[in-house]
2 protein chains.
Amino acid sequence: MKANKVTIHDIAKALDINSSTVSRALNDSPRVTKKTKEKILNKAKEMGYKRNLLASNLRKNVTNTIGVVVPRISRHFFSSVIQGIEETAYLEGYSVIICQSLEQLKREKNILETLAANRVDGVLMSISMETTNYNHIQELKQRGIPLVFFDRHPNISKTNNVLINDFKGGFDATHHLISKGCKNIVHFSGPQELAIYKNRLQGYKQALKESNIPFRNEYIISSRLMEHDGVNNIKELIAKNLIFDGIFSANDLAAIGAIKYLNEIKVNIPKDVAIVGFSNEPISTVINPSLTTINQPGFEIGKTATDLLLQHIKNQHTSLTTETIILESNLIERQSSNR
Amino acid sequence: MKANKVTIHDIAKALDINSSTVSRALNDSPRVTKKTKEKILNKAKEMGYKRNLLASNLRKNVTNTIGVVVPRISRHFFSSVIQGIEETAYLEGYSVIICQSLEQLKREKNILETLAANRVDGVLMSISMETTNYNHIQELKQRGIPLVFFDRHPNISKTNNVLINDFKGGFDATHHLISKGCKNIVHFSGPQELAIYKNRLQGYKQALKESNIPFRNEYIISSRLMEHDGVNNIKELIAKNLIFDGIFSANDLAAIGAIKYLNEIKVNIPKDVAIVGFSNEPISTVINPSLTTINQPGFEIGKTATDLLLQHIKNQHTSLTTETIILESNLIERQSSNR
DNA sequence: CTGTTAGCGCGTTCAT
DNA sequence: ATGAACGCGCTAACAG
């Protein structure tokens, strides 16, 4: 920051008027004549004036900015949610600050601190896999910063959430496998602290139940669902000599790890693989043309969550009630062109 | 913003001291006694004081924040660069604001405006495919905001860049195909306004030349390299009845589109496909285990670019000379386990 | 419609 | 070592 010290005072002085008028003109206030407004805008452009949002926001005590916290931006589900958030926020004149926790509680805390210190007007977040204590979240709430969770939400009361019907997703995925003739379906699950994984597991159980297939605990493998976890899971199954003819993975990464490994050792036990993942995910469509996925409507989640958040931001005086919106996922079966 | 109106004045009043002392204590100034410092910090915590970074930054005229502009965060190359940026920035006490232009010039302009208005200390960016006029960039420079480009850079003088040796990447990719026995190699290229695509094309030409393979203009197809472009490219080739036995795609998306389509119509003309893409990209490794990629060291690029930017931010008085750093890409040939 | 005054919350002079 | 006062750049309140 060296050049560009042009302030509204400078341009006021140059025009021999008051800086308030300049401020009003720059904000397109109706309380200033067209003529002077024009004069001011011209002068401003001429002098290379640029508004200092820091000062403006400080004075107004509003930043028109919302913070977004996701585990990883590179995950296609999250980046599609972000797309929805940005579109919606932009239309309402809000800027978006994107942050990633990298699944680490420590970073998540740090991010919330920074966002709060920067006085964002609200926060949208999906919590990390490590997040089992919610002090940092409670603190944010106490500071009066509106908060909406999407997909992964903390297990505390009075929160606003935009969720996916994970029970149905798990049910559909499992049901699909059963309809394909699978009898021994393995489930790769995630940390049980996260409701999304718990719910998918419940859906899995329910689907088995309805088809009179006994639930077997050794078919459930919990991990953090990274690609290498998928590899390890499948290795473990093979080492145990467990019979399985289908896999329902609670996300795509772990499924990919598993499929890669199966390809590598030239074994192809599962008749089909269902993934609770994101259908737009390029991986899913490429890895196996016959792959079935549970489509999570990322863009719509982002849009819905943002709408809800903005509603809370704009009505902070009237104490709005908290809300949980549940969107539906869809099973998408691709054309099996290769086999 | 409703609760939490605790300021340094409040805590000063509570302790019957002056707010200056509080400010100094909170900034761990040596000019305040250990004892009072402790007293103040305790009181601050007790009262739930949170620094207002807007005010602090306004006063200091420094934000300790850098802006990052990329075409799309969902592209694995960019998200890995961002990883490198965040790690490096964090160690130096800087925050990062991530923005995506979605390959649109209009958005790119808008983003730079916002970043400048928010007084970021510097900007790291990779320009969009639409960016052929650089007024917005020149303006940012004129405002004295340090700027470093990575990967995609504008064609103007006196810029700081961290680039990849794309000529060598193109050469290596093509050479690899030739060594596999390909004689008729198609090249999917991008907008020629971007040096990266021009350079990859040059590398392609050079490799042909050294192997005495004649260059044929109809083998070069330029597009914006989205997945559907890859599909269209391959359709075009087939429609023209052009003979080809290899494809060198300037990015991974277009290659994936092409491969998908070839799979779909059960044609398998190319003996191999080389992609200039990112080796960590899950797609590349999954789509075809024998796929060869040109690895771009994203994390290192992010780190290098950030180091360079911070250097410029910190030495704004001493007029540093501009610099272009070129990192090497690597050809990675995977184990051909399937064929 | 425009000017005057005051202050957002903080950090940095000066003093003492 | 601490206090008093000013100002970063902008906008809201109140005049007129």
Side-chain angles (χ1 to χ4, degrees), chain A residues 1-41 43-44 47-65 116-121 143-144, chain B residues 1-41 43-44 47-65 116-121 143-144:
Chain A
M1 241 108 316
K2 47 189 173 191
N4 191 248
K5 304 295 282 175
V6 188
T7 75
I8 53 173
H9 299 291
D10 297 327
I11 135 166
K13 208 166 294 173
L15 259 45
D16 198 37
I17 55 175
N18 193 280
S19 55
S20 315
T21 310
V22 178
S23 173
R24 285 192 272 261
L26 293 173
N27 287 305
D28 201 26
S29 158
R31 293 179 30 184
V32 52
T33 210
K34 293 288 159 203
K35 214 171 162 66
T36 51
K37 201 180 281 188
E38 214 168 282
K39 198 171 58 179
I40 291 172
L41 290 182
K43 198 67 178 178
M47 297 177 70
Y49 167 80
K50 297 293 170 184
R51 178 201 305 260
N52 186 334
L53 270 187
L54 291 180
S56 175
N57 291 339
L58 171 63
R59 183 62 238 251
K60 291 189 300 187
N61 203 26
V62 160
T63 54
N64 281 318
T65 301
N118 278 299
R119 296 299 192 265
V120 293
D121 295 342
R143 292 174 70 172
Chain B
M1 238 110 315
K2 47 187 174 192
N4 190 249
K5 305 295 282 175
V6 188
T7 75
I8 54 172
H9 299 291
D10 298 326
I11 133 167
K13 209 165 292 172
L15 258 46
D16 198 38
I17 54 175
N18 192 279
S19 55
S20 324
T21 310
V22 178
S23 173
R24 284 191 273 260
L26 293 173
N27 287 305
D28 201 25
S29 158
R31 290 180 33 187
V32 51
T33 210
K34 296 285 159 204
K35 213 170 164 67
T36 51
K37 200 180 284 187
E38 213 168 282
K39 197 171 59 183
I40 292 172
L41 291 182
K43 197 71 179 174
M47 298 177 71
Y49 167 79
K50 298 292 171 183
R51 180 199 304 260
N52 186 332
L53 272 187
L54 290 181
S56 175
N57 291 339
L58 172 62
R59 183 63 236 253
K60 291 187 300 186
N61 203 27
V62 161
T63 55
N64 281 318
T65 300
N118 278 298
R119 297 297 191 265
V120 292
D121 295 341
R143 292 175 71 173

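So you know, we letter chains A, B, ... as the sequences are listed, proteins then strands, and number each from 1. On a predicted model such as this, the values are computed, not experimentally measured, just so you know.
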Inset, instruction - Could you tell me whether the side chain of S29(A) and the main chain of N27(A) form a donor-acceptor pair under 3.5 Å? - result: no

Inset, instruction - Calculate the interatomic distance between I11(A) atom CD1 and dT2(C) atom P; express it in whole Å. - result: 14 Å

Inset, instruction - With sequence neighbours left out, write down each residue that passes side chain to side chain contact (heavy atoms under 4.5 Å, CB included) with N118(A), or none if nothing qualifies. - result: T114(A), L53(B), N57(B)

Inset, instruction - Considering just the side-chain nitrogens and oxygens of N18(B), establish if one lies under 4.0 Å of OP1 or OP2 belonging to dA4(D). - result: yes

Inset, instruction - Taking only Lys NZ, Arg NE, NH1 and NH2, and the carboxylate oxygens of Asp or Glu, determine whether K5(A) and D10(A) approach each other closer than 4.0 Å. - result: no

Legend entry - Distance in angstrom units between N118(A) CG and dG9(C) P, rounded: 16 Å

Legend entry - Expected output: side-chain S19(A) to main-chain A12(A) donor-acceptor under 3.5 Å: no

Legend entry - Donor-acceptor contact present, side-chain D121(A) to main-chain V62(A), <3.5 Å: no

Inset, instruction - Quickly work out the K34(A) NZ to dC1(C) P distance and round it to whole Å. - result: 9 Å

Inset, instruction - Treat primed atoms plus P, OP1 and OP2 as sugar-phosphate and everything else as base, then score nucleotides 9-16 of chain D 5' to 3': B for base contact with protein heavy atoms under 4.0 Å, S for sugar-phosphate contact only, - for none. - result: BBBBBB--

Legend entry - Donor-acceptor contact below 3.5 Å, side chain S23(B) vs main chain T21(B): no

Inset, instruction - Check whether any side-chain heavy atom of I17(B) lies under 4.5 Å from a side-chain heavy atom of I11(B), and answer yes or no. - result: no

Inset, instruction - State, to the nearest 10°, the angle formed by the axis through the first five base pairs of the helix from dC1(C)-dG16(D) to dT16(C)-dA1(D) and the axis through its last five. - result: 40°

Inset, instruction - For the pair N52(A) (side chain) and L54(A) (backbone), establish whether a donor and an acceptor sit closer than 3.5 Å, ignoring hydrogens and angles. - result: yes

Inset, instruction - Using atom NZ of K13(A) as one end and atom C1' of dG3(C) as the other, report the distance to the nearest whole Å. - result: 16 Å

